[in-house]
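To keep things clear, I will list the structure first and then write my remarks on it.
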Amino acid sequence: MRTIWKGAISFGLVTIPVKVVSATENHAVSFRQIHTADEGRIRYRKVCELDGEEVSGEEIGKGYVTADGSLVQLTDDDLALLPLPSARTVEILGFVPVGSIDPYQLDKSYYLTADTGAAKPYVLLREALRRADKGAIAKLAMRGRETLALVRALDDEVLGMHTLLWPDEIRSASGLAPTERVTVRDAELDLADTLMDTLGEVDMASLHDEYREAVETLADAKLAGVEPEQAKEAEGGRGKVVDLMAALEDSVRTARAGRGEDDDGAGAGEDATVHPIGGEGGGDGEDEGKPARKRAPAKKGAAKKTAAGKSGAAKSGTRKAAAKKAPAKKTAEKKSATRRRAS
């Protein structure tokens with residue numbers, strides 16, 4: 001691996017000459033800009049905005065803009081004369097538990113390798129950090145700027161160094177948390193725990209960049225004149241979750257099915273009641289956690305039967321009344337005929 005910085009670790013009166021090599025490499029997919037008509041590469045040229053002339057790298061220098069807007073030209077020799085103790089030194093300031101470093105503060109990672117004749121002090125610092133289970137906070141000037149760093153003992157017998165952002169370079173998260181009042185029930189937490197246990201731990205070494213592999217496969221297919229397969233649309237959408245408990249239970253079942261396990265219920269949350277979020281039974285009252293009462297769907301049918309019974313009874317009464325009126329009508333007609341004969 002190529003050395004990108006050489007200097008020494010200052011550990012009190014102990015000096016440890018070291019070389020810095022990058023611990024990471026970028027495998028992200030990158031594309032060139034090309035002219036679609038003839039696939040010629042599109043390049044950016046560095047042009048002076050005053051005379052419009054293209055400028056070579058040897059003619060480009062550093063200019064520092066002061067607070068009042070003045071421009072000061074600085075050379076590499078000027079910067080080399082800066083009175084910084086960290087110019088060629090990893091100056092250890094103190095020690096902290098490695099777990100106390102906020103991950104947001106981590107920037108880039110490097111390996112520190114012992115320079116010639118520095119094996120003994122190198123191993124001494126490494127083992128001291130390992131036994132104390134701490135990391136060293138240090139300052140160094142590298143790549144044109146002074147930066148903070150965390151030096152720690154790694155499992156593969158080397159010292160690792162992580163450059164850190166300065167505290168004022170990390171933005172505040174104030175105002176980003178939800179402002180709505182939200183209550184999370186124990187049953188929901190139980191199901192979330194069950195889902196986490198079902199998904200299990202991640203083997204970090206097995207992870208890989210599937211997007212980069214897909215792009216490589218696509219490029220190979222186009223070179224071979226093969227039409228690439230159409231990707232299937234992912235199931236599900238990003239719609240609003242109406243029932244959080246049901247979503248968690250479905251997630252647990254899906255995760256278990258993916259692991260080839262039988263679904264015997266919702267695990268830790270199998271006794272939990274499913275309530276729609278923001279719906280009936282989703283409140284925090286006395287009935288929280290109790291099964292929702294089911295209304296009998298037969299009431300409408302019973303009402304229809306009652307109405308039908310009343311209607312039938314009314315019709316029956318009308319028919320009986322009509323039957324009683326019929327003989328009386330016939331008797332009145334006979335009397336009227338007798339009177340007419342008598343006349």
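We number each residue from 1, following the sequence as shown. Keep in mind the model is a prediction, meaning the values are calculated, not measured.
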*Considering all heavy atoms of both residues, which atom of His162 and which atom of Ser109 are nearest to each other, and what is their separation?*
ND1-OG, 3.0 Å
*Can you establish whether the number of heavy atoms outside Gln73 located under 6.0 Å from its atom CD is more than 12?*
no
*salt bridge (Lys or Arg N to Asp or Glu O under 4.0 Å) involving Asp250 - partner list, sequence neighbours excluded*: Arg253
_Closest heavy-atom pair and its distance - Leu195, Ala255_ = CD1-CB, 4.2 Å
*Is atom OH of Tyr104 surrounded by more than 12 heavy atoms (other residues, nucleotides or ligands) closer than 6.0 Å?*
no
*What heavy-atom pair brings Trp5 and Ala141 nearest, and what distance separates the two atoms?*
NE1-O, 3.1 Å
_How close do Ser22 and Tyr111 get, counting heavy atoms only, and between which atoms?_
O-CD1, 4.4 Å
*Partner set under side-chain hydrogen bond (donor to acceptor under 3.5 Å, both in side chains) for Asp68, not counting sequence neighbours*: Thr66, Ser70
*Going through the distances and angles, do Thr75 and Asp78 end up as a side chain to side chain donor-acceptor pair (under 3.5 Å)?*
CA-CA 5 Å; Thr75 66; Asp78 294 332; 3.1 Å; yes
*Answer yes or no: is there a side-chain heavy-atom contact under 4.5 Å between Met161 and Val20?*
yes
*Can you name the salt bridge (Lys or Arg N to Asp or Glu O under 4.0 Å) partners of Glu169, sequence neighbours left out?*
Arg145
*Does Tyr44 have any side-chain hydrogen bond (donor to acceptor under 3.5 Å, both in side chains) partners at least two apart in sequence or in another chain, and if so, which?*
Gln33
*Looking at Glu53 and Asp51, what are the two nearest heavy atoms and their distance?*
N-OD1, 2.9 Å
_Under the side-chain hydrogen bond (donor to acceptor under 3.5 Å, both in side chains) test, residues paired with Glu227 that sit two or more places apart_ = none
*asked:* Could you work out, with side-chain hydrogen bond (donor to acceptor under 3.5 Å, both in side chains) as the rule, every residue matching Lys108, not counting sequence neighbours?
replied: none
_Does Glu210, at its CD atom, have more than 12 non-hydrogen atoms belonging to other residues, nucleotides or ligands within less than 6.0 Å?_
no
